[in-house]
Amino acid sequence: TGETFPSEVLLNALELDGKRVLQTVVRDITERKRSEESLRLQSAALEAAANAIVITDHNGTIQLVNPAFTALTGYTAQEAVGQNPRILKGGKQDEAFYRNLWQTISSGQVWSGELTNRRKDGSFYAEEMTITPLRNADGVIARYIAIKQDITGRKELEVQMERLHTEHATVLNSLGEGVHWVDVDGRIKYENPAAVKMLGYEVSDLLGKPAHATMHHTRADGSAYPQSECLIYATLRDGMVRRVTDEVFWRNDGSSFAVDYICSPVCDQNGRSGGSVVIFTDVTERRRMEKVQSCLSQLAYQLSLLSDAPPAARLVADAARDLLGWDACFLRLRSPGL
């Protein structure tokens with residue numbers, strides 16, 4: 001066919017019928033070369049692997065480690081080979097942990113988990129490890145291969161994130177203002193305790209619900225408030241911060257309360273939208289007091305004009321008392337003529 005193939009050649013000079021002849025034995029070693037190349041690639045991969053790799057015999061005695069193992073643990077190949085992996089035990093896991101590990105792999109199953117081990121210098125590190133049993137041609141477990149990844153940095157980051165999460169939750173739970181997070185689809189993603197209390201719902205009743213239809217569907221005068229005109233949804237669309245002072249939110253019982261709120265966009269570290277967060281305050285009492293103060297100012301002014309007409313001034317004072325529940329003596333102080 002014209003194809004070439006790797007071969008092993010044995011040449012031998014012989015005497016045959018008084019003549020010298022050359023005997024040639026040729027063996028095709030294509031498969032052997034393929035196996036050698038495969039082993040070479042496996043060895044190169046083992047050496048270059050970023051994760052630590054440990055190969056043991058069926059009793060758990062270390063037979064081979066790669067350079068990443070030395071970088072992770074501080075033990076050289078010469079120091080590790082012939083030892084048991086227990087040289088890395090950090091004492092952070094109990095015997096039941098290791099008993100379960102050994103029972104799993106000795107039964108032919110793959111074991112994966114996290115544990116804390118100790119380096120040669122005595123320092124601790126967290127690792128994620130997978131141990132796979134390897135069987136020989138007879139189906140008997142002959143080796144175990146362990147792949148180890150240093151996750152110390154990840155675990156430290158998880159601890160930091162958990163602490164920050166706890167601190168943030170503490171702050172949000174302590175706020176008197178309501179905090180209301182709407183995702184990019186306009187559904188409620190988070191409500192802090194103050195928001196839940198003001199709205200009169202259970203948290204489970206709010207999460208995942210459409211925000212506008214749940215608490216922002218109607219204006220203060222009772223007219224419908226289309227979602228297309230909602231300022232919270234406007235922030236979802238254009239990412240602009242909005243401060244609103246003349247709207248109402250609706251409670252679970254169907255009543256409403258006046259609110260001031262700030263709506264801000266939420267973005268992740270890559271700039272992708274995560275919805276918008278609304279911080280709102282129930283200003284019902286403040287609005288009522290503002291009306292009271294306005295009425296009192298107007299009444300005081302009217303009384304100053306009517307100081308020469310006691311009967312008319314008294315009518316105004318009586319009206320103030322009936323309307324506002326304030327004692328008329330307050331008005332008399334402003335108008336000595338009464």
Side-chain angles (χ1 to χ4, degrees), residues 5-10 27-160:
F5 62 93
S7 61
E8 184 177 79
V9 180
L10 174 65
R27 177 182 296 146
D28 183 347
I29 58 171
T30 301
E31 289 304 318
R32 192 178 80 188
K33 286 292 186 181
R34 287 175 180 167
S35 296
E36 290 174 352
E37 179 63 14
S38 177
L39 288 173
R40 188 189 69 78
L41 289 174
Q42 291 176 27
S43 178
L46 188 67
E47 292 291 310
N51 291 340
I53 298 176
V54 180
I55 298 177
T56 74
D57 64 14
H58 67 284
N59 292 317
T61 302
I62 298 174
Q63 295 188 319
L64 185 148
V65 297
N66 68 340
F69 172 87
T70 299
L72 175 63
T73 67
Y75 288 98
T76 66
Q78 292 77 13
E79 292 171 324
V81 171
Q83 299 288 338
N84 188 284
R86 68 173 62 95
I87 62 173
L88 303 174
K89 286 180 66 172
K92 301 295 184 179
Q93 289 75 224
D94 57 21
E95 289 304 315
F97 176 91
Y98 292 104
R99 187 163 54 249
N100 172 262
L101 184 158
W102 183 251
Q103 289 174 350
T104 299
I105 61 176
S106 61
S107 66
Q109 301 179 62
V110 176
W111 183 91
S112 292
E114 296 179 2
L115 63 160
T116 299
N117 275 340
R118 191 193 303 268
R119 298 184 179 91
K120 181 181 176 181
D121 64 8
S123 62
F124 292 100
Y125 67 95
E127 74 172 36
E128 187 175 68
M129 180 169 65
T130 299
I131 304 177
T132 304
L134 301 178
R135 299 180 183 273
N136 60 20
D138 297 325
V140 178
I141 296 175
R143 303 280 188 277
Y144 296 106
I145 180 168
I147 300 176
K148 301 166 170 282
Q149 181 179 4
D150 186 355
I151 58 171
T152 305
R154 190 182 80 190
K155 299 298 287 186
E156 290 174 350
L157 181 60
E158 288 175 356
V159 171
Q160 292 175 12

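Values below: every heavy atom of this structure, side chains too, minus hydrogens, waters and symmetry copies.
The CD atom of Glu8 lies 9.5 Å from the NZ atom of Lys33; values are rounded to the nearest 0.5 Å. With rounding to the nearest 0.5 angstrom, the NZ atom of Lys92 is 7.5 Å from the CZ atom of Arg118. We find the CD1-OG1 distance between Ile147 and Thr132 to be 6.0 Å, quoted to the nearest 0.5 Å. For the atom pair CG of Leu64 and CG of Asp57, the computed distance is 12.5 Å after rounding to the nearest 0.5 Å. Between the CD1 atom of Ile151 and the CD atom of Glu158 there is a distance of 7.0 Å, given to the nearest 0.5 Å. For the atom pair OG1 of Thr104 and CD of Gln109, the computed distance is 6.0 Å after rounding to the nearest 0.5 Å.
Asn59 places no side-chain N or O within 3.5 Å of a backbone atom of Thr61 that could act as its donor or acceptor partner. Asp138 contributes no side-chain N or O that, together with a main-chain N or O of Val140, makes up a donor-acceptor pair within less than 3.5 Å. One N or O on the side chain of Asn66 and one on the backbone of Ile53 form a donor-acceptor pair closer than 3.5 Å. With hydrogens and angles ignored, the 3.5 Å screen pairs no side-chain donor or acceptor of Arg27 with any backbone N or O of Ser7.
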task = Test side-chain contact (heavy atoms from CB on, under 4.5 Å) on Thr73 and Asn117 and set out the steps.
result = CA-CA 9 Å; Thr73 67; Asn117 275 340; over 6 Å; no
query = Does the ring-ring contact (aromatic ring centres under 6.0 Å, His included) test come out yes or no for Trp102 and Tyr144, once each step is laid out?
reply = CA-CA 11 Å; Trp102 183 251; Tyr144 296 106; 5.6 Å; yes
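By the 4.5 Å heavy-atom criterion applied to side chains, Phe69 and Leu72 are not counted as neighbours. For the pair Leu88/Lys148, a side-chain contact is recorded, criterion being any heavy-atom separation below 4.5 Å from C-beta on. When side chains are defined from C-beta on, Ile62 counts as touching Thr56, because their heavy atoms get closer than 4.5 Å.
When only modelled atom types and interatomic distance are considered, Ser112 and Thr130 share a side-chain donor-acceptor pair under 3.5 Å. A donor-acceptor pair shorter than 3.5 Å can be found between the side chains of Thr152 and Asp150.
Look at Glu36 and Arg32 and you find a salt bridge, because one of the NZ, NE, NH1 or NH2 atoms lies within 4.0 Å of a carboxylate O, short of that distance. Using a 4.0 Å cut-off between charged nitrogen and carboxylate oxygen, Arg34 and Glu37 do not count as a salt-bridge pair.
Because its NZ or CZ atom is both nearer than 6.0 Å to the ring centre of Tyr98 and within 45° of the ring axis, Lys89 counts as a cation-pi partner of that residue.
Across all their heavy atoms, Arg135 and Ser107 have their closest contact at NH2-O, 4.3 Å. Taking every heavy atom of both residues into account, Ala80 and Val65 meet most closely at CB-CG1, 4.2 Å. Nearest heavy atom pair, residue Lys155 against residue Ala126, reads CG-CB, 3.8 Å. Across Ala68 and Ala50, no two heavy atoms sit closer than the pair CB-O, 3.5 Å.
The only option from Met129, Arg154, Gln93 that meets the side-chain contact (heavy atoms from CB on, under 4.5 Å) definition with Glu114 turns out to be Arg154.
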